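Below is one structure, written out as structure tokens; comments come after it.
Keep in mind it's a predicted model, so treat the numbers as computed, not measured. Per chain, numbering begins at 1; letters A, B, ... match sequence-line order.
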Amino acid sequence: MRRWKILCASAVALLMQLVPRLVLAGGEGLDTPEALERKVPLEGLSGINLFFARAYNENLWLYAIYCTVLMAVVGVVIAFGTDIILKAMGMEVEKIEHKE
Amino acid sequence: MDNGILDIYLPIAGIHFNILILLAIGFSVGVLGGFFGVGGAWVVTPALNIFGFNMAYAIGTDLAHIFGKSIVATRKHGKMGNVDVKLGLYSIVGSVLGVEGGARTVMWLTARGIAGPVVRYAYMFLLFGLGIYMFYDYFTKDKRRARHEALEMEGGPAVPAKKKWDLPPMVTFPVSGVTVSLWTVLGVFFFTGWLSGFLGVGGGFIRMPALIYLLGCPTAIAVGTDLFSVVFTGAYGCFTYALKARVEIIAAIVMLVGASIGAQLGVTAVKYIHGYGIRLLFAIMIVLAGCSVTLKQFNLTTAAAYCVMGAALAMCLIIIVLMIRGFNKEKALKAQAAR
């Protein structure tokens, strides 16, 4: 136990020594304040990519609603879809019981 | 740039990405999540970042995929009946505030160009800390078992006293059968929500033990309420990051499809793989994920990519092989019994 404590404390101390230098060394420099105002170029886009890119450029509220609703719909479709497929394959989906 | 046939263009993130890698990330997380019962989203943010997503996009996209996955998990576990609705409503308030706080922290760091390294250091701290703890837990299990047996021989195991912070106002949760300080409840959900917004994780690995040990919830209710909380945390995380222009929706959907296939395998594997040894593999996986984040921090991106995907896929392969062996063993035993 004592050995583990010493080992952990040493590892944390070593890491703390390295943090400032490494944070500066690892800077991405890509996600800058200018990039926050970025617009998606629409040239060459079609179908679903164009649809999302247009919503993204024109109205972020709309884009956020699309994203949230779409993920919910895809989640529900997958949840019920896999149930149907597994049942058709003869694998009943069991509920996991938790015992106290 | 020469793109392969399996590369898809992700216009929001502005990068080309191999669809197989996206599916593999989702699949690995699905297998790990389904098998170990934790979300496994701590692999997604580092992996997306390693493969070219800027950190804020990686977190936002991960949260969107967590939201979709939480709906699938809620349906699969069928645990909504075990939700303490009153506690769940408090969880929404605390978690939403926390996620917003976490997301704003990331955007603040992004505006200063240091979101990547800061989040990576947070991941290193989390992954190495968790990994070391799990190694410790694994290698001291015999000593703990012996101590537990000795205590039982002396007249029952000693139950550690639950710490209480009775700072008013107090709130009663009849379904869980507990009365706790409002500040403890909001504090737990705010912190786990902040962690979700900051790291792009579900936060269940902290929320679950906190619900059990800090609030005193029964395990079944903690599981149900945690899932309930993840659905809302994920939904709000997806919404707020999309509003901040940091969700690559196509990538989130592809990963969700991969995760759903993987989760079916993971959940099935639980029936056939037993034993404490598998925890050691999980600890190794966590430490390797930490190593990949460290490699990325040192700009060794190719090595980091091989490390994270190699570890995740190797772990999946081990689970699948053990599952097939367990299945064959069970089949042989059944055949033997029938004779």
For the student: nearest non-hydrogen atoms of [X] and [Y], plus distance:
X: B:A242; Y: A:L60; result: O-CD2, 3.6 Å
X: A:M71; Y: B:C238; result: CG-SG, 4.3 Å
X: A:Y56; Y: B:A245; result: OH-O, 3.0 Å

**Report entry** Residues of residues 59-67 of chain B within contact distance of chain A, non-hydrogen under 4.5 Å
**Finding:**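 At a heavy-atom separation under 4.5 Å, chain A is reached by B:A64, B:H65, B:F67.
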Heavy-atom contact with chain A under 4.5 Å, split by part of [X]:
X: B:A13; result: backbone
X: B:L256; result: both
X: B:Y241; result: neither

Query - Interatomic distance, A:L70 atom CG to B:I250 atom CD1 [nearest 0.5 angstrom] - result: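 Interatomic distance, A:L70 CG to B:I250 CD1, rounded to 0.5 Å: 8.0 Å.
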Query raised in the report: CG/B:L10 to CZ/A:F52 distance, rounded to the nearest 0.5 angstrom?
Result: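 Between atom CG of B:L10 and atom CZ of A:F52 there are 12.0 Å.
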Query raised in the report: What are the residues of residues 42-50 of chain A, in order of number, with any heavy atom under 4.5 angstrom from a heavy atom of chain B?
Result: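 A:L45, A:I48, A:N49 fall under the 4.5 Å cut-off.
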**Report entry** Residue from B:V247, B:I12, B:L243 passing side-chain contact (heavy atoms from CB on, under 4.5 Å) with A:C67
**Finding:**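 Option passing the side-chain contact (heavy atoms from CB on, under 4.5 Å) with A:C67: B:V247.
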Report task. Start with the C-alpha distance between B:I249 and A:Y66, add both sets of side-chain angles, then the distance that settles side chain to side chain contact (heavy atoms under 4.5 Å, CB included), and finish with yes or no. Result -> CA-CA 9 Å; B:I249 186 72; A:Y66 284 157; over 6 Å; no
